[in-house]
Each structure stands twice: as structure tokens, then as C-alpha cells.
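One structure is given below, encoded as C-alpha cells.
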Amino acid sequence: MAIAGAAFGALPEICATTGGDLPNTTGEPGNVVLPSILDPHSPPARLIRELSWLVLGICAGLFVLVEGMIFYGVVKYRRRRDDKTKDEPRQVYGSNPVEIAWTIIPLLIVFVLTLTTVRTIRSIELTQPPADALHVVAIGHQWWWEYRYPDPDGTGGEVIVANEMHVPVNRPVWVRLESADVIHSWWVPALTGKTDLLPNHTNHTWFNAENEGIYLGQCAEYCGNQHAGMLLRVVATQPEEFDAWLRAQAAPTVHDTTVAEGREIFQEFACSNCHTVKGVSDGQFAPDLTHLMSRQTIASGVAPLDAATLKAWIADPQILKPGCNMPSLQLDPQELDAVTSYLLTLR
Amino acid sequence: MTTVPAPIHSTSDPRMGLGERLHGWAVSVDHKRLGIMYIAAGLIFFVIAGLEATLMRLQLIAPLNDVLTPQGFNQMFTMHGTTMVFLVGMPVLLGFGNYLIPLMIGARDMAFPRLNAFGLWLFVFGGILLYYSWIGGDGLYGLGGAPDTGWFAYSPLTSKAFSVGHATDYWILGIMVSGFGSMTTAINFIATILCMRCPGMTMMRMPLFVWLMLTVAILVLVALPVLTGAQVMLLLDRFLGAHFFDPQQEGSVILWQHLFWFFGHPEVYILVLPAFGFISEIIPVFSRKVIFGYPLMVAATVSIAFISLGVWAHHMFVIGMPPWLNSLFAASTFLIAVPTGMKMFNWIGTMWGGRIRFDTPMLFATGFLVMFLFGGLTGIMLAVVPFDWQLSDSYFVVGHFHYVLFGGTILAVFAAIFYWFPKAFGRMLSEPMGQWTFWLLMIGLTLVFLPMHMSGILGMPRRVYTYQPGRGFEIWNLISTIGVPFQIAAVLLLVINVVKSLKSGRVAGPDPWDAWTLEWETASPPPSENFRKIPTCTSARPLWDRKHPEDPDSNYE
Ligand code: HEM
Ligand SMILES: [Cu+2]
């Protein structure tokens with residue numbers, strides 16, 4: 001089973017070679033932050049966790065209390081095997097004080113819950129972006145992510161990247177959320193709660209990554225066939241590193257003459273209809289490939305990006321990510337090699 | 001009033017051939033037969049939807065598994081959810097209503113018996129239409145075209161652009177048709193309950209189950225037409241190029257969500273209120289106590305129904321509503337916990353000081369209390385909007401609502417099956433088998449659904465056909481799947497129990513549980529017009545009054 005199977009077909013193999021771990025190439029900050037709501041690295045996620053503990057505490061208390069009552073009642077008032085009495089127990093039709101008590105006390109709890117909820121809603125939703133905030137646009141597509149950054153040199157235009165979002169640590173990031181097709185949801189639990197991306201409507205979310213690392217998440221609103229394969233990665237690095245990354249993404253492509261053949265195939269076949277490579281093609285439908293090889297993963301995170309997966313992907317994307325919107329272009333082996341070599345130069 | 005118990009359903013003559021007998025059922029307008037057919041059809045769909053769930057759990061047993069294709073998995077959860085809600089929950093509960101309401105209020109039949117039969121067959125037809133999509137969904141000759149857009153069918157995923165073929169159309173039409181069936185049944189319930197109560201049965205003497213079904217019928221009539229309307233709009237979009245939900249043409253994708261959840265949230269209560277009804281009948285009888293606080297129970301029922309119409313947007317906390325709106329819907333959602341809590345406490349209050357017999361129905365009723373409480377509390381947590389921002393559409397939610405629907409509704413239905421089976425068929429179900437069913441089911445439920453809360457907290461979204469290794473989801477999914485065989489065993493055991501008991505169960509007699517409502521006054525199974533002589537009602541527990549003439553309930557009204 002080289003690259004086969006339906007679900008993210010290649011991954012089991014690849015994971016076996018990387019020690020069963022998530023794809024994480026060298027040169028990037030090492031620590032992968034798993035998508036747990038219990039491990040916040042950003043103010044909104046932290047606020048939510050605080051509130052969650054409170055609510056969990058209240059509910060756990062109620063749980064113990066009421067289950068305790070049930071079990072106590074069941075044990076104490078069960079009919080014993082040797083109990084042969086025919087008499088019915090005393091009939092109690094109700095009790096006003098008791099019933100009023102268990103109306104009023106829950107009302108008070110509800111009141112407390114409402115107040116704390118409203119307070120946290122306000123402190124997250126009503127926070128305004130500070131002057132130094134980084135503004136990023138995130139666009140959900142079936143089944144990948146597009147991110148647009150303001151151009152670092154101020155020469156106009158946006159820097160467009162796909163799938164891996166880079167941010168500097170300790171700088172507020174304001175994300176405008178849009179959708180190109182159906183509803184998606186942006187969810188990186190360690191950074192902030194989820195917000196939907198809706199067609200014909202913009203939403204916002206914000207976070208401030210406090211530590212370097214790769215924050216994992218994934219699309220949380222069912223968006224069709226490959227919803228499960230719409231994974232999210234936010235790479236938080238030191239500001240200098242981030243600036244360097246952004247400048248590199250803004251830079252034009254290097255024309256490597258040794259792979260001219262591959263570039264021609266890229267342009268002749270349908271690749272260029274969907275993908276942009278700055279200065280070569282300007283397809284809008286699919287992820288921008290200008291600096292493809294600066295990314296760690298392929299197909300919005302379903303497999304690590306290297307020569308082998310790249311080739312397998314181009315040969316037939318439907319094996320790696322069945323149902324995705326990229327067709328197999330039926331290249332012969334030589335063409336496949338040429339295109340792969342070309343893509344490998346897009347750093 | 002004792003009659004000689006007949007071993008099989010009294011209206012079928014053992015000398016008739018199978019064909020004749022089936023025909024007799026098919027053309028019947030007797031509410032009891034219709035009720036049984038409703039329940040039986042619902043249970044068949046329960047098995048189908050259970051198989052779909054099993055396949056999903058098999059796929060998710062390990063990361064990057066390939067038991068199902070992505071599309072196959074998406075079809076499974078769509079069909080599973082749709083089936084459980086529309087073809088299991090509703091018909092089974094309406095079936096019990098059909099069977100029990102006339103008996104409980106001392107009437108001879110439903111107000112509109114033929115409309116009743118019409119409703120049943122609409123439901124059956126709707127179910128078949130939905131499942132026919134496996135054959136017709138990709139066009140007349142294509143195979144495997146079941147809908148794969150989720151039971152919530154969010155736009156624009158269900159628009160022509162993203163849902164090609166006819167799967168979505170089958171979904172719309174199947175649900176719409178069976179929905180019409182439910183609406184006619186609801187009308188019938190209301191008319192029957194309001195107009196056909198026996199002498200002496202005032203509204204405040206109705207069994208709580210009847211109160212709950214009345215409330216449910218009203219909810220059905222308020223909520224279901226909204227879904228039907230939305231489905232008509234979607235059909236117009238899909239076939240005639242209207243643009244209600246088309247964002248390209250200034251349509252609104254949120255509009256669908258509002259309409260859908262305006263139906264969908266009350267629907268949850270349509271699914272649990274009858275369960276509350278079962279529990280409110282069973283706990284008193286097996287605790288040997290009158291229900292604690294009857295008037296408060298009625299008030300709580302009505303207010304739950306009322307508030308449930310105002311909380312729908314708690315399914316939409318992540319769509320970017322303004323803070324004040326989020327807060328409002330959070331508050332109304334919290335509020336619904338208050339009457340629900342009252343009911344919980346009143347049930348416990350009923351058990352308090354009783355002499356509880358743990359026959360199978362009572363076991364299931366206790367299981368209901370234990371599991372439903374858990375589901376209810378996680379529901380309160382999800383109403384905390386910021387918490388929901390993290391956990392909506394995650395496996396936490398899947399765990400939550402299965403605790404409510406499976407741990408609530410289905411456990412209560414099992415309780416009801418064991419409780420009323422002797423009435424319907426004149427024979428008792430086997431107790432030992434019933435106890436096994438209970439414990440297997442409780443173990444299965446806990447194993448399958450408790451770990452889902454953990455995988456949700458660790459960041460696993462729902463409706464994903466697979467997940468990546470190394471994210472911490474593996475162990476929880478493994479445990480979840482391990483629980484499935486327990487549930488399958490429990491259901492199998494029930495089936496065996498029913499089949500065996502129909503033939504050779506202990507003969508029940510009219511009142512095997514020493515109960516107090518009117519259905520226990522007539523023979524088991526009841527004759528075709530229910531009662532030899534229309535009974536009279538002297539309090540909320542007419543049979544108690546007759547059994548305890550020295551201290552009847554009517555003294556305390
Ligand atoms: C046999 C026991 C059951 C098992 C093992 C089971 C399992 C599952 C699983 C794995 C999912 C998919 C979750 C996802 O991918 O998001 C699901 C969804 C669902 N289940 Fe169940 N379930 C069971 C019983 C029930 C019952 C009794 C009901 C209701 C009466 C129910 C109602 C639903 C609904 C409404 C959905 C959502 C479907 C959707 O996402 O569109 N299930 N169930
Ligand atoms: Cu998505």
C-alpha cells in the first residue's frame with residue numbers, strides 16, 4: 001500500500017515514517033499546540049476557559065446534588081424483598097414551600113449564569129482592535145483556506161497565501177472572515193472560539209498568540225464532502241521572523257530555467273486555470289501556489305508537503321483527498337516529473 | 001371490571017389466514033392498531049438508523065480509517081439524524097399517544113379515526129420516499145444517492161449549486177410528507193383530548209401523559225409548518241430558480257437557519273415531552289405514590305413548550321449575532337432549565353417516602369432520570385455562549401444531545417414498552433430479560449456517549465468522516481465504538497423478548513401493575529371499542545379512588 005486507501009490515503013504511511021506524529025518539518029518552531037480548549041494560549045480562549053471552569057463547577061455541583069438525591073431516594077425507599085405489606089405509603093400531593101423553593105433557587109442560579117455569560121460575551125466581542133493589530137482576511141473555500149495580508153512594503157495589493165496562517169506572537173490579530181461558497185467555521189481552540197464564515201456576509205474574530213508554536217484546528221461547520229479534510233494551522237513566530245515570512249510571500253517568483261518544461265506544462269494544462277503563481281498564472285479558484293514550498297503541508301493540512309506527496313497529489317488528488325475539487329489531469333510519468341520538479345522550485 | 005384475558009390481540013380472529021389478518025391491519029382505523037403500527041414502523045426505522053450509527057462508529061474507531069468513503073459517511077450521518085428525528089422519535093411517540101390517549105381519557109377512539117389512518121400511512125410513505133433516495137437520488141438509474149447534507153440541511157450547501165442530483169429533493173419531500181402525517185395526528189390529538197374525555201375528567205384530572213401530548217400536539221402545529229414552509233422555499237430555489245437562500249442573488253443563508261431552528265428547537269421538546277409523560281405515569285405507580293405537585297407539573301409543561309419557541313437561536317451562537325442577541329438567547333435558554341428542573345424535582349419528590357418496586361419499567365424510568373439530568377446539565381453549559389463558541393459543532397454537542405435523546409427519549413420509550421406491553425398484548429414481557437436489556441443499554445450508553453464530551457473538549461468537530469492521529473482523539477473514539485455492541489445486544493434482547501412474550505409470556509390480566517389510570521380498567525388487550533361501558537372519572541387517579549374508597553383522591557382536590 002504505497003499511496004492508497006480512501007481517507008487521507010497517504011497519511012498512515014507517512015506518519016509511520018515520522019514517528020506517528022503530525023507533519024512538522026524542521027526550521028519551524030517546534031511545538032505543536034493541540035486543539036484543546038483546556039490549553040489556551042490567547043486572551044479569548046483564556047477568558048472562555050475561566051468561564052468554563054465556573055460553569056462546570058456549578059453544573060457539577062448540581063449534578064452531584066441531584067444524582068445524590070436520586071440514588072439516596074432509590075436506595076432508601078426501595079421495597080425490600082421481604083416487605084410483604086399491602087398498605088400504600090402515605091400519599092403526599094405536593095407542598096407549596098418546597099415547590100416554591102425549587103423554583104426560586106434555580107431562578108437564582110440562572111441569574112448568576114446569565115450575568116457571567118453576558119460579561120464574558122462583552123469582553124470578547126466588544127474588544128476593539130488596537131492600533132498595532134495585524135489585520136488578516138480569511139476566506140473559506142471547499143475545502144481549504146485563503147488568507148490575505150496587507151502588503152508589507154505598502155506598494156499596494158495584498159499578499160495572498162493558502163492554508164497556513166502565519167502570525168507574530170504577542171500582537172493582536174484581527175481576522176475578517178468571509179466565505180467563497182458555503183458556510184465554514186474557523187476554529188483554533190487554543191486561540192479563540194469558533195466563528196462561522198458566511199457567504200455574502202463578513203464576520204470577525206480576534207486572538208493574540210502568546211507563545212510560539214503551530215496551533216492546530218479545523219473547520220467546524222459541516223461544509224460538504226471533505227469537511228473533515230479542512231484542517232487549520234496557525235504558525236506563531238517571533239515578529240522578525242514573521243516580517244521575513246511576509247516579505248518572502250510578497251516577493252515575486254524566482255524563474256528557474258532548469259524547470260522551464262514543467263512550467264510550460266503547468267500553464268498548458270488546466271493547472272493555471274485554477275491556481276495562481278505570480279507572474280505565471282492567475283487562477284482564483286484554488287490555492288495560490290506562488291510560494292508553495294514555504295508551507296509544511298498540502299491540501300489544507302491533510303499530508304506533509306514533500307516531493308513524494310506532491311507527486312502523488314498531482315497524479316491523483318482524489319486518492320489523497322477524495323471528493324476534493326481538483327481533478328486528476330492524467331499526466332504521463334514524464335510530464336508528472338517535470339511539473340513536480342517545477343513546483344519544487346516555488347519557494 | 002374483569003374480563004377473561006385473551007392471549008392475542010382480541011380483534012384478530014385466530015382462524016383468519018395471514019393475508020386476511022395483514023389486510024385487517026392495513027385497513028384498520030382503530031386507534032390501537034394504528035398506534036401499534038406507528039410504534040412498530042418507528043422501531044424498524046430505529047434499527048435501520050442504529051445500523052447507520054454502527055457504521056459511523058466503525059469508521060471512527062481509529063484515525064484515518066476507511067470503512068466508509070467520505071461521501072458514504074456523510075450520507076450515514078445525514079440519514080441517521082434524519083431517521084432518528086423524523087422516522088423514529090416522532091412516530092414512536094405519536095404512536096404511544098395514539099394508543100394511549102383514548103384509553104386514558106376513557107374514549108372509544110380518536111376524534112377522527114380515518115384521518116388518523118391517513119396520518120400513519122403518510123408517515124410510512126414519507127419514510128419510504130426518503131429511503132428511496134438510495135435508488136433515485138442520482139437520477140432515475142443512479143445508485144447511492146442518499147442525501148449527504150446533514151439533517152439540518154443548511155443553505156447554501158443544499159442549493160442546486162452544491163447539492164447536485166436529487167438526494168436533497170428526496171430529503172425535502174420525504175420529510176414534508178411524513179410531516180403532514182404528524183400534523184394530522186396532532187390535530188386529532190387536540191380534538192380528542194379537548195372533546196372526548198369521559199364524564200368527570202376535567203382538564204386538571206387528565207393523566208400527565210395526556211397533558212404532555214396535548215402540549216406536544218400544539219408544538220407540532222406551531223413548529224412543523226415552519227419547516228414545511230422553509231422546505232417549500234428550498235424547493236422553489238432548487239426547481240424554479242427562486243433565490244430565498246441564494247447568496248449570489250442577495251438571498252440569505254441565515255434565513256434558512258432561523259426557519260429551520262424555529263422548528264428544530266421545539267422539535268427537541270416534541271421528542272422529550274412525551275418521554276416526560278411516560279416517566280410521570282410510571283414513577284408514581286412503582287413508587288406507590290401520587291405524583292408530587294400535579295398542578296406544578298402541568299404549569300411546567302406548558303411553560304417549557306412556551307419558552308421552547310423562544311430559544312431557537314442558541315443553535316446559532318457562532319454565526320456572528322450581535323452580543324445583545326446572543327445574551328438574550330442565552331438567557332431564554334437558561335430559563336427553560338427552571339421548569340425542567342421543577343419536573344426533575346417533582347419526580348424525585350414522588351419517589352421520596354414511597355415503596356419503590358424495581359420492575360423493568362421503573363428501572364428504565366430511573367435510568368431516564370440519571371441520564372437525562374446529565375444531558376440537561378451539559379445543555380446548560382452549552383447555553384453559556386462563550387463556552388458554546390468553543391464547543392458547538394464539536395463532539396461535545398453530539399455527546400450532549402444523545403444523552404438527551406437516547407438517554408432521555410429512548411430510555412423512556414423502553415420504559416413505556418415494558419409498562420404498556422401487557423395492556424396491548426395481554427402478556428407480560430420477561431422480567432429477567434428486561435433487566436439485562438436495561439443494564440446492557442446503560443453500559444452501552446455510557447461507553448458510547450460519555451467519551452464524546454472529551455473528544456469535543458479536545459477539539460474534535462462533529463460530522464467528520466475521519467480524524468488525524470496524534471491529536472488526542474484516538475482513545476475516546478475507541479471507547480465510544482466499544483460501547484456499540486452493548487447497545488446492539490440490548491436491542492436484540494428486547495426483540496427476542498417481545499417475540500417470545502407474544503407467544504408464551506405470562507398472562508397479564510387487566511391491571512398487572514396495580515395502576516390508577518383508566519387504561520388499566522379495561523381488558524388487556526382492550527376490546528375494539530375500548531370499554532364495555534364508558535368509565536367515569538372522580539379524580540386524577542380514578543382507579544385509586546375505586547381501590548381506596550376509604551380515602552379517595554377526590555378528597556384532596
Ligand atoms: C444506536 C445508538 C446511537 C449511536 C451509536 C449514535 C451515533 C451517532 C453518531 C456517531 C453521529 C454522528 C455525529 C457526527 O458526525 O456529527 C450521530 C448523529 C446524530 N444522532 Fe445518533 N446515535 C445513536 C442514537 C441516536 C438516537 C436515539 C437519536 C435520536 C432519537 C440520534 C440522533 C442523532 C442526530 C439528530 C444526529 C445528528 C446528525 C447530523 O449531524 O446531521 N442518535 N449519532
Ligand atoms: Cu469548511
Side-chain angles (χ1 to χ4, degrees), chain A residues 5-8 11-12 15 20-22 34-37 48 51-52 55 59 62-63 66 69-70 73-74 77-79 88-89 91 93-94 99 102-103 106-107 110 113-114 117-118 120-122 125 182-183 185 189 193-196 198-200 203 218 220-222 224-225 227-228 322-323, chain B residues 64-66 69-71 74 150 154 156-157 162 247 253 288-290 292-293 296 318-320 323 326-327 330-331 334-335 338 341-342 345 348 351-358 366 369-370 373 377 380-381 384-387 389-390 393 457-459 461 463-466 469-472 556:
Chain A
F8 301 164
L11 258 192
C15 288
D21 224 341
L22 292 158
L34 293 177
S36 164
I37 76 161
I48 296 177
L51 180 66
S52 304
V55 175
C59 287
L62 288 172
F63 181 76
V66 182
M69 282 166 68
I70 295 173
V74 160
Y77 299 111
R78 75 179 189 283
R79 162 169 276 180
E88 306 277 13
Q91 302 294 305
Y93 292 84
E99 289 174 58
W102 63 48
T103 311
L107 271 174
V110 161
L113 283 173
T114 307
T117 300
V118 170
T120 309
I121 293 179
R122 291 176 61 88
E125 282 204 316
V182 301
I183 303 176
S185 198
K194 61 177 75 70
T195 311
D196 282 357
L198 303 158
N200 210 5
N203 273 334
Q218 72 192 85
E221 177 64 63
Y222 177 65
N225 204 331
H227 169 54
Chain B
L64 309 177
N65 206 354
D66 54 12
T69 60
Q71 203 198 1
N74 298 344
Y154 273 10
L157 202 58
F162 300 105
V253 299
R288 308 310 304 157
K289 294 259 320 283
V290 63
F292 188 89
L296 190 70
V318 293
I319 65 161
N326 275 340
S327 307
F334 288 135
L335 205 58
V338 176
M342 285 177 198
F345 288 121
I348 298 173
M351 302 197 316
W352 221 253
R355 205 168 287 140
I356 307 172
R357 296 186 317 221
F358 278 100
T366 316
L369 293 184
V370 171
L373 174 68
L377 288 170
I380 294 182
M381 298 174 75
V384 174
V385 179
F387 186 78
W389 286 338
Q390 285 283 23
D393 272 313
I457 284 174
L458 295 178
R463 302 174 186 133
V464 291
Y465 72 88
T466 194
R471 297 196 166 191
Y556 301 92

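Side chains are part of it too, since the values below use all heavy atoms of this structure and drop only hydrogens, waters and symmetry mates. Chain letters run A, B, ... following the sequence lines, proteins first and then strands; every chain starts at 1.
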Atom pair CD (B/Gln390) and CD1 (A/Ile48), whose distance is rounded to the nearest 0.5 Å | 4.5 Å

Report yes if some heavy atom in the side chain of A/Thr120 is under 4.5 Å from a heavy atom in the side chain of B/Phe387; otherwise report no.
-> no

Might you point out which heavy atoms bring A/Pro189 and B/Gly459 nearest each other, and give the distance in Å?
-> CG-CA, 4.4 Å

Under 4.5 Å to a heavy atom of chain B? For A/Leu198 that would be side chain

Does any heavy atom of chain B fall under 4.5 Å from the side chain of A/Leu51, the backbone, both, or neither of them?
-> side chain

Select one option (side chain, backbone, both, neither) describing which atoms of B/Tyr556 are under 4.5 Å from chain A's heavy atoms.
-> side chain

Chain B: which of A/Cys59, A/Pro106, A/Ser52 shares the most heavy-atom pairs with it under 4.5 Å?
-> A/Cys59

A/Leu107 side chain reached by B/Leu335 side chain, heavy atoms, under 4.5 Å | yes

Side chain to side chain, A/His227 and B/Asn74, heavy atoms closer than 4.5 Å | no

Report yes if the side chains of B/Tyr465 and A/Asn225 come closer than 4.5 Å at any heavy-atom pair, otherwise no.
-> no

Nearest 0.5 Å, what's the CG-CD1 distance between B/Leu369 and A/Ile70?
-> 4.5 Å

Heavy-atom pair count under 4.5 Å with chain A, highest-scoring of B/Pro247, B/Ala330, B/Gly320 | B/Pro247

B/Leu157 side chain reached by A/Ile183 side chain, heavy atoms, under 4.5 Å | no

Validation row: B/Val318, A/Asn203 side chains within 4.5 angstrom (heavy atoms) = no

Measure the shortest side-chain to side-chain distance between A/Glu88 and B/Lys289 over non-hydrogen atoms and say whether it is less than 4.5 angstrom.
-> no

Check for a donor-acceptor pair, side chain of B/Gln71 on one end and backbone N or O of A/Gly224 on the other, with a separation under 3.5 Å.
-> no

Chain A contact via B/Ser327 - which portion, at a heavy-atom distance below 4.5 Å = both

Return the option, out of B/Leu373, B/Ile380, B/Leu296, B/Val385, with the maximum number of heavy-atom pairs under 4.5 Å with chain A.
-> B/Leu373

Pairs of heavy atoms under 4.5 Å with chain B: top-ranked of A/Gln218, A/Met69, A/Arg79, A/Arg122 | A/Arg79

Please look at B/Ile348 and chain A and tell me whether the side chain, the backbone, both or neither of the residue comes under 4.5 angstrom of a heavy atom of that chain.
-> side chain

Where on A/Arg78 is there a heavy atom nearer than 4.5 Å to chain B: the side chain, the backbone, both, or neither?
-> both

Can you tell which part of B/Phe292 gets under 4.5 Å to a heavy atom of chain A, answering side chain, backbone, both or neither?
-> both

What option among A/Ser36, A/Pro89, A/Gly73 has the most heavy-atom pairs under 4.5 Å with chain B?
-> A/Pro89

Rounding to 0.5 Å, atoms CZ (B/Phe334) and OG1 (A/Thr114) come to a distance of 5.0 Å

Examine whether an atom of B/Tyr154 lies under 4.5 Å from a heavy atom of chain A, and if so say whether it belongs to the side chain, the backbone or both; otherwise answer neither.
-> side chain

Top contributor to chain B contacts, counting heavy-atom pairs under 4.5 Å, from A/Ala220, A/Gly193, A/Gly323 | A/Gly193

Options B/Val338, B/Val290, B/Val253, ranked by heavy-atom pairs under 4.5 Å with chain A, top entry | B/Val290

Could you tell me which non-hydrogen atom of A/Tyr222 sits nearest to which non-hydrogen atom of B/Arg463, and how far apart they are?
-> CB-CD, 3.6 Å

